[in-house]
Q: 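Encoded as structure tokens, here's the structure I'll be asking about.
Sequence positions, counted from 1, serve as the residue numbers for this chain. Fair warning: this is a prediction, and the values are worked out from it, not measured in the lab.
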Amino acid sequence: DSEGNAVTQSNAAAYSLGETFNITAEMSEEVLAGAQITVTFGTGGEAVLTAATNGKVLTGDYTVGASENTGDLSVSSIAINSAVYDMFGNNATSLSATTAATPFSTEESIGIDSVAPTASVSSVRYNLTDGIITITGTNFDTVQRPSDNDVREQLDWTKFVWDIDG
């Protein structure tokens with residue numbers, strides 16, 4: 001019997017609504033190309049993983065959907081979509097993986113946040129002497145930002161208009 005022994009993700013991080021990342025399952029035995037499973041996560045989202053070649057690895061993408069939120073992504077179930085045969089023609093009868101009781105955090109930390117920020121800007125001030133733009137407002141804590149609070153890389157500067165005369 002081919003039995004899955006790990007479902008991991010290769011780049012630990014936090015993901016937001018609409019973002020996609022790769023999920024990899026490593027089987028305990030080699031399986032034939034085309035083997036396919038569906039991994040259902042604690043958020044309700046799913047990823048279909050496929051063996052592209054004969055081997056121990058099945059891969060697929062997970063896209064964060066609306067209302068999917070967790071600080072620690074976990075697997076709630078795994079289902080076999082198409083026959084998962086090992087190299088000797090044995091069909092998988094069971095699969096095991098990291099589950100809700102043992103979240104991905106034992107392997108890697110994956111956070112999912114599809115809640116839109118509710119921040120609003122009430123004023124913008126430019127200090128000519130220091131060259132610093134200060135933005136004030138409310139609910140800035142709902143916006144993910146680097147630990148040093150430098151949000152320059154997160155701003156869409158093509159939409160920033162500064163009217164000095166007006």
Side-chain angles (χ1 to χ4, degrees), residues 1-119 139-159:
D1 295 329
S2 295
E3 196 172 295
N5 61 359
V7 177
T8 61
Q9 188 273 334
S10 56
N11 296 310
Y15 296 93
S16 301
L17 180 63
E19 289 188 301
T20 299
F21 58 94
N22 180 264
I23 299 290
T24 300
E26 184 176 342
M27 306 299 279
S28 60
E29 297 178 32
E30 288 193 15
V31 296
L32 298 177
Q36 196 173 72
I37 63 174
T38 296
V39 178
T40 302
F41 299 97
T43 59
E46 295 181 341
V48 175
L49 309 182
T50 305
T53 61
N54 293 349
K56 291 185 175 185
V57 177
L58 287 82
T59 61
D61 290 332
Y62 173 74
T63 301
V64 177
S67 301
E68 294 181 17
N69 300 289
T70 183
D72 199 4
L73 187 62
S74 61
V75 173
S76 60
S77 67
I78 299 175
I80 298 172
N81 294 2
S82 64
V84 177
Y85 291 104
D86 67 14
M87 302 305 286
F88 303 102
N90 299 314
N91 192 11
T93 56
S94 66
L95 296 173
S96 62
T98 306
T99 62
T102 319
F104 272 127
S105 64
T106 60
E107 304 291 329
E108 296 185 52
S109 177
I110 302 171
I112 303 294
D113 179 7
S114 66
V115 177
T118 58
N139 295 328
F140 285 165
D141 60 331
T142 66
V143 178
Q144 285 185 347
R145 58 187 185 271
S147 59
D148 64 0
N149 281 330
D150 188 345
V151 297
R152 288 180 286 186
E153 296 299 319
Q154 294 176 292
L155 297 175
D156 183 350
W157 291 100
T158 64
K159 296 180 181 176

Q: Determine the minimum heavy-atom distance between Ala52 and Ala33, stating which atoms define it.
A: O-CB, 3.7 Å

Q: Can you confirm whether the side chains of Thr24 and Asn22 place a donor and an acceptor under 3.5 Å from each other?
A: yes

Q: Would you give the length of the straight line joining atom CD of Glu30 to atom OG1 of Thr53, rounded to the nearest 0.5 angstrom?
A: 9.0 Å

Q: Has Thr40 got a side-chain atom pairing as donor or acceptor with Ser76's backbone, closer than 3.5 angstrom?
A: no

Q: List the steps, then state whether side-chain contact (heavy atoms from CB on, under 4.5 Å) holds for Tyr15 with Leu73.
A: CA-CA 10 Å; Tyr15 296 93; Leu73 187 62; over 6 Å; no

Q: Any idea which heavy atoms bring Leu32 and Asn54 closest together, and the distance?
A: CA-OD1, 3.3 Å

Q: Would you say Val48 and Thr38 make side-chain contact, with heavy atoms under 4.5 Å?
A: yes

Q: Counting C-beta onward and ignoring hydrogens, is there a side-chain heavy-atom pair between Ile23 and Phe41 closer than 4.5 Å?
A: yes

Q: Stepwise, does the side-chain contact (heavy atoms from CB on, under 4.5 Å) test hold for Thr20 with Tyr62?
A: CA-CA 5 Å; Thr20 299; Tyr62 173 74; over 6 Å; no

Q: Kindly give the heavy-atom pair with the smallest separation between Ala47 and Asp61, and that separation in Å.
A: CB-O, 3.6 Å

Q: When rounded to the nearest 0.5 angstrom, what distance separates CG in Asn81 from OG1 in Thr50?
A: 7.5 Å

Q: When rounded to the nearest 0.5 angstrom, what distance separates CD1 in Ile80 from CD in Gln36?
A: 11.5 Å

